[in-house]
Novice: 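One structure follows; several queries about it will come next.
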Amino acid sequence: MRFPCVTINLKKIEHNAEKLVKWCSERQIEVMAVTKGICGLDKVVRTFIKGGAKKLGDSRIENIVSLKQAGISIPIYLLRIPMLSEVEDVVRWADGSLNSEVKAIEALSAAAKTLGKKHKVILMVEAGDLREGVMPENVLDTVSEIIKLSNIEFEGIGTNLGCYGGVKASYDNMKLLVDLATDIEQTFGIEVKTISGGNSSTLMLLKQGGLPKGITQFRLGEGILLGNDPSTSRPLPDTYQDAILLKAEVIEVKTKPSYPIGEIGLDAFGNKPVFEDKGLMRRAIVALGKQDCRIEGLTPVDKSIDILGASSDHLLLDVTKNKDIKVGSIVEFNLSYGALLGLMTSKYVKKYII
Ligand SMILES: *Cc1c(COP(=O)(O)O)cnc(C)c1O
C-alpha cells in the first residue's frame, strides 16, 4: 500500500446504500445515487446499484462519460445545471439533466435533435437555499416553454437544499414542490413523473415522518458514502461512517514547544496564525497537506490524536497522549464529504478498493 491513500470498503457502502434505499422505498421514493464523491469509480458505483439505486447522478460530465464507457447501464443524470458549452456532451452521454435556464434547455433540445435523441429534463425550483432553481412563481411559465421543445422530455421538478444557504428540508419546502407539481399537471394536462425532493439532508425528515406525500425521488451521495446527515453532521442510524477512510504516513516525531519561536507574521496561506502555549508537546508530521484536502474535514480515528494544523504538504498532529506513534506509523482519519471530494480528485492520493 502507498500513502496517502483513501480506502473504500465496498461491503460497507453496499450496506449503507441498501439501508437508505429501504428507508426510501418504504415511502415509494426511488434513490438516485450520487457518484461525484467517488469521482465516478465504476466499481463503487456498481455497489450502489447492488444496494438498490435505480438511477445515478453526477455533477461532472467527465464522470458520466467514464461510467457509461465502463458499461453502467442504468440512467445517469447530470446534476449541475449544464454549461451552454457542454450541451452536446450532456445529450450524448447523460440520459437527463437538472436545469433552471430555458436557454440551456433549448440548447439541449437542439443538440438532441442533431443526435436524434430525446433528453429528459428535471426543472429545479428555488425553495430557499438560494443556489440553482427558478422562483416558484415562475415555474408554470418555464414549464410552458419547456414542453414546446421537440427533443426534450419534461420529466418533473426538483429542489436542492442544505447546500449553499444551509436551509433544512422541511414539510413546508417539500410541500411547495408537491403542490407545484399538482399545478403543472392541472394546467398542462401532463404527468409530472418525478418530484426530486432532496439529498442526504432530507433523510432525517423522511425517517421522522415529516415528509409530505408525493415526493418520488431522493438524490443521495453523502448518506451512502459516509453515513452522515449533512444537516446536523450526525450519523444516520444503521449506517457505517467508516466505509471510506484516509490513511497517511508519519514522517517526523519530535518533542517541541507548542508556541512558535520568533516574531509571527503571515503563514503560507496569508493568514496570521494564533497559538496557545501549552508547553512542550510531542508532535508528529504526516505526509499530507492542504493541497490534498480540506484539513478541517479530517478526524483522527484514534481519539488520543489531535490535529494542530497544516501547510500545503505537511499535516501537524499533537501525539502527546499517544506514545505509539513513530516515524513510519500510519494514521487513519474519518472524512467529511468536503474532505472526500478533495482527496478523490487529488492525483497524489492513492485509491484502494477493499
Ligand atoms: C451533490 C448533489 C446531491 C447529493 O447531495 P448529498 O448531500 O451528498 O446527498 C444532490 N443533488 C445535487 C444537485 C447535487 O449537486
Side-chain angles (χ1 to χ4, degrees), residues 13 16-17 19-21 23-24 29-40 44-45 48 51 53-64 75-83 90 94 96-101 104 120-134 155-169 173-174 177 194-207 211 215-236 239 241 243-244 294 297 335-342 344-345:
I13 288 179
N16 287 0
K19 284 282 173 216
L20 301 183
V21 165
W23 290 15
C24 291
I29 292 171
E30 69 169 4
V31 170
M32 175 188 281
V34 174
T35 57
K36 67 189 180 212
I38 35 91
C39 289
V44 185
V45 170
F48 295 168
K54 293 286 179 281
K55 288 177 178 156
L56 300 172
D58 202 298
S59 45
R60 308 281 171 150
I61 192 68
E62 291 86 346
N63 292 341
I64 295 177
I76 312 182
Y77 286 66
L78 182 67
L79 297 180
R80 183 171 64 190
I81 55 172
M83 297 183 263
V90 175
S97 54
L98 311 187
N99 283 272
S100 65
E101 291 287 353
K120 294 188 168 72
V121 160
I122 295 178
L123 178 66
M124 295 301 276
V125 178
E126 176 57 62
D129 197 55
L130 302 183
R131 206 177 70 182
E132 76 276 40
V134 298
E155 184 185 325
I157 55 176
T159 196
N160 198 60
L161 291 159
C163 274
Y164 172 71
V167 172
K168 285 185 165 188
N173 53 34
M174 290 291 116
L177 211 60
T194 298
I195 307 180
S196 190
N199 49 30
S200 300
S201 63
T202 322
L203 282 164
M204 288 314 289
L205 187 71
L206 169 87
K207 189 82 175 158
L211 194 75
I215 299 290
T216 71
Q217 183 184 78
F218 274 14
R219 307 178 306 270
L220 301 181
E222 182 167 352
I224 298 176
L225 294 171
L226 300 175
N228 186 47
D229 169 17
S231 71
T232 58
S233 214
R234 291 213 196 97
L236 292 165
T239 60
Q241 284 70 54
I244 306 181
R294 251 179 78 86
L335 304 173
S336 72
Y337 201 48
L340 175 66
L341 290 170
M344 290 302 296
T345 47

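Just follow the structure's listing: the first ligand is 1, and inside any ligand the first atom is 1. Just the heavy atoms: all of them, side chains too, but no hydrogens, waters or symmetry mates, feed the values below. In this text, all values refer to a predicted model and were calculated from it rather than measured experimentally.
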Novice: Backbone, side chain, both or neither: what part of Arg131 comes under 4.0 angstrom of ligand 1, heavy atoms only?
Specialist: side chain
Novice: Does ligand 1 come near enough to Leu79 that some N or O of the ligand is less than 3.5 Å from an N or O of the residue?
Specialist: no
Novice: Is it the side chain (CB and beyond), the backbone, both or neither of Arg80 that lies under 4.0 Å from ligand 1, heavy atoms counted?
Specialist: neither
Novice: What I want to know is whether Glu222 and ligand 1 share at least one N or O pair that is separated by under 3.5 angstrom.
Specialist: yes
Novice: Atoms of ligand 1 less than 4.0 Å from Tyr337 heavy atoms?
Specialist: 8 (O)
Novice: Does ligand 1 come near enough to Arg219 that some N or O of the ligand is less than 3.5 Å from an N or O of the residue?
Specialist: yes
Novice: Going by distance alone, is a donor N or O of one side chain under 3.5 Å from an acceptor N or O of the other, for Thr194 and Glu155?
Specialist: yes
Novice: Any N or O on Ser201 sitting closer than 3.5 Å to an N or O of ligand 1?
Specialist: no
Novice: Answer side chain, backbone, both or neither: which part of Ser59 comes under 4.0 Å from ligand 1, heavy atoms only.
Specialist: neither
Novice: Under 4.0 angstrom from ligand 1, any heavy atom of Phe218?
Specialist: no
Novice: Could you list the atoms of ligand 1 found under 4.0 angstrom from a heavy atom of Asn160?
Specialist: 11 (N), 12 (C), 13 (C)
Novice: Should the heavy atoms of other residues, nucleotides or ligands under 6.0 Å from CD of Gln241 be counted, would the total exceed 12?
Specialist: yes
Novice: Side chains of Thr239 and Asn16: donor-acceptor distance under 3.5 Å anywhere?
Specialist: no
